[in-house]
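Shown next, in structure tokens, is the structure this report addresses.
Quick caveat, the model's predicted, so the values are computed rather than measured.
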Amino acid sequence: MKTFKRKAGHSCLRAAIACLTAFLWVVLSTSCSRQEERLSLKNQQAEGPAPKTEATCCWVAITNQTNQQIEVYDPADAAWTTPKWTWKPTTALSYIQSSEISLWETPTDIKVRNNTVFANTAQVITATSYRLATIARYTGTGTRGQKLWVMGFNDTTRLHAMEILPDGNSVVASAGAAYPQGYIRVYSSSQPSPNHGVNTQYYFTSAHGLLWDQTHQVLWALGNELRKYGYNTARTGGTITNPKLDLLVTYNVLPTAWGHDLSADPNNSDQLLLTTNGGVYIFHISTGTFSSMPGAAQQTFVKAVSSQPGQNTLVETIPSTGCPAYPANTWCTSVVNFYNAATGAATGSRTVSGAAIYKGKTFDPNYY
């Protein structure tokens, strides 16, 4: 945070003090800054500033499979009893009951992105359940949560992730219902109906994670290996109306088997964060190498990992017996855990009572 400097003579000391007081009030009333803050998750006050209405760097979104909702919470709240925002497809948001809402079950992924491709939007969400992928308005002049694009899938699909590309097209990842199924598929979601469903599919065993890398202008995909794709390159001949991916590099030996979640490190553009069944890792883009996450943040079967921009904080969700659906659902938890990103030391947690959380991740609208 920038240092506040004042230069005043004795004759205007009182005015300077008044200015300083006003400045400090503005700073303290901001609940989440993209600048580094020393947020203590162990000793939070229950009271805080009025909630924001737009996605910030510090909120956390969960996929709650108890009530089939997306829920967004603020780590600054000592108790996660009242979400900042909730969402699921409804007829009021223009989703069709028979062919769309009926496919929304077991939500698996949620992202928020800055994107102005769709009319009256500034930010959108992308969300998946096993059989439905959708883009909806988050901020803009239209209704929040309004359907912008949707695609349904059959009962063997098992969607696990989705990413919207800067041009409004999107990519979905299907793990498949059984090994060795799986694929990623790029869609012309930027196009109006009936051209919104043009797609190309790429076989990818147990595809689980997707991330657009704005810095390097590539798409990362994680499954039984890590892949780097170009988008609409000259070699593929892809266009915005008929999008294509171009496989550039395959890292086919992960540190441990079965990749699961994939995120940017907003504090280091040369790093990705990823999980497998066997651990949590950092992928170093420039060298193509992996290193293990340190400390208590190194866990097995972590379903989601992400970083808070400027916060030196990692966010993870790990299956636990406290989940109400456990052991029938072995991938859920009611707890979101926080760690020091440098040391991996545990710094706190938040519990959503009765929730069956699959992923809990930073609700950050920015590409990196």
So does Val336 get a backbone contact from the side chain of Thr317, meaning a donor-acceptor N/O pair under 3.5 Å?
no
State the CZ-OG1 distance between Arg350 and Thr81, to the nearest 0.5 angstrom.
11.5 Å
Got a second to check how far Asn232's CG is from Lys244's NZ, nearest 0.5 Å?
9.5 Å
Note: with side-chain heavy atoms under 4.5 Å as the link, the other cluster members for Leu222 come out as Leu211, Val218, Trp220, Leu226, Leu248, Val249, Tyr251, Leu254, Leu262, Leu272, Leu274, Tyr281, Phe283, Ile285, Phe290
Set of side-chain hydrogen bond (donor to acceptor under 3.5 Å, both in side chains) partners for Lys111, sequence neighbours left out
Asp109
CA sep, side-chain torsions, deciding dist, call: Tyr95, Thr134, side chain to side chain donor-acceptor pair (under 3.5 Å):
CA-CA 10 Å; Tyr95 289 90; Thr134 188; 2.7 Å; yes
Short question: side chain of Thr276, backbone of Gly279 - any donor-acceptor pair under 3.5 Å?
yes
Audit row: Lys228, Leu219, side chain to side chain contact (heavy atoms under 4.5 Å, CB included) steps and yes/no
CA-CA 6 Å; Lys228 180 170 73 172; Leu219 177 78; over 6 Å; no
Hydrophobic clustering (ILVMFWY, side-chain heavy atoms < 4.5 Å, transitive) - are Val305 and Tyr358 grouped together?
no
Check for a donor-acceptor pair, side chain of Gln299 on one end and backbone N or O of Ala296 on the other, with a separation under 3.5 Å.
yes
Only residue of Arg131, Lys88, Lys147 satisfying salt bridge (charged side-chain N to carboxylate O under 4.0 Å, His left out) with Glu100 is Lys147
Between Phe363 and Tyr138, how do the two ring planes meet: parallel, tilted or perpendicular, split at 30° and 60°?
perpendicular
Determine whether the side chains of Gln308 and Thr362 contain a donor N or O and an acceptor N or O closer than 3.5 Å.
yes
Return the set of residues passing side chain to side chain contact (heavy atoms under 4.5 Å, CB included) with Thr66 (not counting sequence neighbours), or none when no residue passes.
Asn64, Pro324, Ala356
For Gly152 and Leu103, work out which heavy atoms get closest and say how close.
CA-CD1, 3.6 Å
How far apart are the closest heavy atoms of Ala207 and Ile184, and which atoms are they?
CB-CG2, 3.9 Å
Could you tell me which residues satisfy side-chain hydrogen bond (donor to acceptor under 3.5 Å, both in side chains) with Ser94, sequence neighbours excluded, listed by chain and number?
Gln146
Has Arg137 got a side-chain atom pairing as donor or acceptor with Leu148's backbone, closer than 3.5 angstrom?
no
Not counting sequence neighbours, which residues clear ring pair (Phe, Tyr, Trp, His ring centres under 6.0 Å) with Tyr73? List them please.
Trp80
Go through the structure and list residues passing side chain to side chain contact (heavy atoms under 4.5 Å, CB included) with Thr106, not counting sequence neighbours.
Gln65, Tyr130
Results of ring pair (Phe, Tyr, Trp, His ring centres under 6.0 Å) for Tyr326 - residues two or more places apart only:
none
If you take the centroid of each ring, where Trp contributes its six-membered ring, are Phe118 and Trp149 closer together than 6.0 Å?
no
How about Trp258 and Phe301: are their ring centres within less than 6.0 Å of each other?
no
Consider only side-chain heavy atoms of I, L, V, M, F, W and Y, link residues closer than 4.5 Å, and tell whether Val124 and Trp212 are in one cluster.
yes
If you measure only the distance, is there a donor-acceptor pair under 3.5 Å linking the side chains of Gln271 and Asp265?
yes
Any side-chain donor paired with an acceptor under 3.5 Å for Asn268 and Asp270?
no
Contact summary for Ala346 and Tyr339, nearest pair of heavy atoms
CA-CD2, 3.6 Å
To the closest 0.5 Å, what do you measure between CG (Asp167) and CG (Leu165)?
5.5 Å
Pairs flagged by disulfide (SG to SG under 2.5 Å) wherever residues 278-325 is involved - sequence neighbours left out
Cys323-Cys332
Heavy-atom pair of closest approach, residues Ser189 and Ile135:
OG-CD1, 3.7 Å
Candidate pair Asn169 and Ser190, rule side chain to side chain donor-acceptor pair (under 3.5 Å), full reasoning:
CA-CA 5 Å; Asn169 288 339; Ser190 65; 2.8 Å; yes
All side-chain hydrogen bond (donor to acceptor under 3.5 Å, both in side chains) counterparts of Asp261, not counting sequence neighbours:
Lys361
Can a salt bridge be assigned to the pair Arg113 and Glu163 using a cut-off of 4.0 Å between side-chain N and carboxylate O?
yes
Ignoring hydrogens and angles, tell me if any N or O in the side chain of Gln298 forms a donor-acceptor pair with the backbone of Val280 under 3.5 Å.
yes
Could you check whether the rings of His160 and His208 sit parallel, tilted or perpendicular, using 30° and 60° as the cut-offs?
tilted
For Tyr229, the ring pair (Phe, Tyr, Trp, His ring centres under 6.0 Å) test, sequence neighbours excluded, returns none
Under the side-chain hydrogen bond (donor to acceptor under 3.5 Å, both in side chains) rule, collect the residues that match up with Thr275, sequence neighbours excluded.
none
What residue among Thr63, Thr157, Thr108 forms side-chain hydrogen bond (donor to acceptor under 3.5 Å, both in side chains) with Thr128?
Thr108
If you look at every heavy atom in Thr333 and Pro319, which pair is closest and at what distance?
CB-CA, 4.2 Å
Side chain to side chain donor-acceptor pair (under 3.5 Å) between Tyr367 and Asp213, worked out
CA-CA 7 Å; Tyr367 294 106; Asp213 181 342; over 6 Å; no
Rounding to 0.5 Å, atoms OG (Ser291) and CD1 (Ile282) come to a distance of 4.0 Å
According to side chain to side chain contact (heavy atoms under 4.5 Å, CB included), who are the partners of Thr343, at least two apart in sequence or on a separate chain?
Asn340, Ala345
Do you know which two heavy atoms are closest between Thr313 and Ala341, and how far apart they sit?
N-CB, 4.0 Å
Given Met162 and Ser170, is the side chain to side chain contact (heavy atoms under 4.5 Å, CB included) satisfied, shown in steps?
CA-CA 7 Å; Met162 181 177 177; Ser170 59; 3.9 Å; yes
Verify the distance criterion only: is there a donor paired with an acceptor across the side chains of Asn242 and Ser188 at less than 3.5 Å?
no
